Amino acid sequence: RYKRLEGNGYAVFKPGFIQGLGVLKGLQYKLNASYSYNPSRYADYQGRLAGSTQNGNASISNTTDTNWLIENILSYQKDFGQNHIDFTGSYEAQRTNYFESAFNGIGFINDQLSFNNFGAANTLGSSGINLFSNLLTGSGTLGYQTSLLSQMARINYSYKSTYLLTLTARRDGFSAFGSNTSKYGLFPSAAVGWNISNEKFMQNIRAINNLKIRFSYGKTGNEAIAPYQTETTDGTNLYPFNGIAMVGTYPNILGNANLQWETSTTADLGVDFGIIKNRIRGTIDLYSTDSKGLLLQRQLPAITGYGSVWANLGETTNKGLEVTLNTTNMQAGGFIWTSDLTFSTNQNKIVDLYGDKKSDLGNRWFIGQPINVIYDYKMLGVWQTSEAAQATKYNAKPGDLKIADLNGDGKITADDKTILGSQNPKWTGGLTNTFYYKNFNLRIFIQTVQGVLKNNPQLNWVDLAGRRNIPAGLTYWTPDNNNNSMPALTYTNTIGYGYPRNASYTRLQDVTLTYNLPKSVADRAGLGGLSVYLSGHDLITWTPWLGWSPEVDYTARGGSNFTNNDYPQPRTIVLGVNITL
C-alpha cells in the first residue's frame, strides 16, 4: 500500500513592473518550494497451502520517506544593440528523511491471522542492512537523514546570435561526506559556440541550412554513496552463552571520514548541422573525461574483520564519440520515409589507483585497462583423443579444457591468467525507420550492442539431472563428438574458469503500426481523435551468446544452481486503441 502527498508552489517578484523601478526591467526573483510525504507498507504471508514448508512465513515493512526542497532563483536579462546577456543565480536547500521498520516471522500455529500477529511466530528473523543500498534485509529498524546545499551562478552572452559564451560555477555540499572534509565541491564550466550558418558568407550556400560548432569544458561532481558510510559501526547478532541467547556485536561497516565528491572534468567538441533543406540533420560530439576520486568499495583482507571499505580511489579516463543523424529519405505525395540513426563508442581506462601507478589484482583493477575487465585463463579448445600424451603433461585428459600455458612453465596456475576483454561494449547503435502514408505510420527500431565479453556460467553447470532445461545449442565433448568448444561431462572445472563468451547482439526492439482516424470522420462521430495500433517489442535477437538473453546476469547459488535475475526478455505483442473525447 502506497500513499503519496505532494505539494509544489512558487512565487515570482519582478521589480521592473513597479512604478519608478523600470530601470530594473528584466530582473526577476523566483521562489520554488516542494514537499513530499510518502508512507508505504509491504506485507506478505505464505501459508501452508501456498507451499510453505515452515508452517507459514510472514514479512512486513513500513517506510516513511519525506523530502523538501527550496530554491531561490535570481535572473536578469537585457538586450543592447546586437548583444544579449542573461544571468541566473540560485541558492537551493534539500533534505531527505527516511525511516523503515521491518519484521520477518517463521512458524505460525495456523494461517488465519497471516501477517497480522507476529507475536504468534515461532521465530523472528534476524536484522540486517544491505551495505550497498542502505536498506533493511531483515527484522529491525533503520533511519537516516541527508541534506544537500547548493549555490549556482551562470552568465550567457551572445552577439548577433552568432557568437555564444556561457560561464557557470556551482558549489554543492552533501551531508553524507566525511567529517575530515568540508563536504563541499566547486564545479565550474565554460562553453563557447559559433553559429556559422548566421555569417554573411554562408548566405549564398543554400545547401547548408544550419552549421554550428561548439566547445565546452567543465567539472562535475557525483555523490555516489549511501548515508553513514563514513562512520564505523558494529552489527548485532544473537550468540549462545551460558545456555541462553545473548546479544553480541560484530564488525559491520568500516567508515572512512575522508570520503569526498567524485569529480569529472570533461572537454567536449561538437558540431550541429542541417543540409539540403534540413532533410539531413545531425550532431557529432567528441569528448574526453578525466574522473578522479572515484567512490568504490575496496576489498579488504579478512583478517581486518571487514569485507570492504568505501574510498575515493584513483583516476580514470573516458574518450568517446557520439553521432546522431536524422534524415528525410523520401517525401512524395502522401508517403514520407524518415530515419533516425545513433552511434556511440567509448573507451575507458584506469590511470591510477592508490598513487603508485600499480594495479590491484584482488579487485581486478589494472592500470591502463577498463574498470570491468574479464581476467581469466585463455581457452584454446578441448583436449582431443590424439592429444592424450600432451594433455597428461598438464594433468589433463581428452575431454578436458585446453588452457594456454602463457608463462611457459609447463603447468596451469593463476599466473597464466590474462585480460581477455571488457564487459563494456566497444560500440552501440540504433536505427529507427518510420514510414508515413496518409493515416498510417509504421515505426521499426533496431538496436545493436557490440564488443561485449561476459562470463557465461551456464556453460559451467554441466548436467543438472533434469532440474533445469539445458539450451539446445549446448553440446559436450565425447570420443565420437570431438567438438572443440565444450568439455566432456566428466570434466571438473577445478581452476574456476568463468567461460567468458561474446555477448554482442542485434535486436529488433520495436515494431509499431498505427492507424489514425481522419479528423473529419472523428468529428462526425463526436470524438476528439481515435488511433489503433499494433506493437511488438523484443521480437528477434541475433547473438552468438548461448542462453536466454545476452543482457541477463546469471548468478548461481546453492547446490541446485538456482539463479537470480535470469529471466529472458519477454516478446510482447500489444493491440491497442487510443480514444480522445
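One is the number of the first residue; the rest follow in order along the sequence. In this text, all values refer to a predicted model and were calculated from it rather than measured experimentally.
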TODO: Please check if atom CD in Q145 has more than 12 non-hydrogen atoms from other residues, nucleotides or ligands closer than 6.0 Å.
DONE: yes

Check: [X]/[Y] side-chain N/O donor and acceptor closer than 3.5 Å:
X    : Y    : value
D268 : T266 : no
E92  : N72  : no
R95  : S147 : yes
S40  : N38  : no
Q423 : N372 : no
S264 : T220 : no

TODO: Please report the closest heavy-atom contact between T232 and G255, naming both atoms and the distance.
DONE: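 Closest approach of T232 to G255: OG1-N, 2.9 Å.
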
TODO: Indicate the atoms forming the closest heavy-atom contact of I225 with W310, along with that distance.
DONE: CG2-CE3, 3.9 Å

Open item on the list: Checking ring-ring contact (aromatic ring centres under 6.0 Å, His included) between Y45 and each of F118, F115, F108, which is the one that passes?
Closed with: F108

Task: Student check: side-chain heavy atoms of N312 and N258 closer than 4.5 Å - done: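 The answer is no; the side chains never approach within 4.5 Å.
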
Open item on the list: Which label fits Y144 and Y228: parallel for a plane angle under 30°, tilted from 30 to 60°, or perpendicular past 60°?
Closed with: perpendicular

Open item on the list: Whether the side chain of T316 engages the backbone of I350 through a donor-acceptor N/O pair (distance < 3.5 Å, no angle test) should be reported.
Closed with: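 Between the backbone of I350 and the side chain of T316 there is no qualifying donor-acceptor contact (under 3.5 Å).
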
- [ ] Pick out which of T342, D340, D510, I446 makes a side-chain contact (heavy atoms from CB on, under 4.5 Å) with T432.
- [x] D340

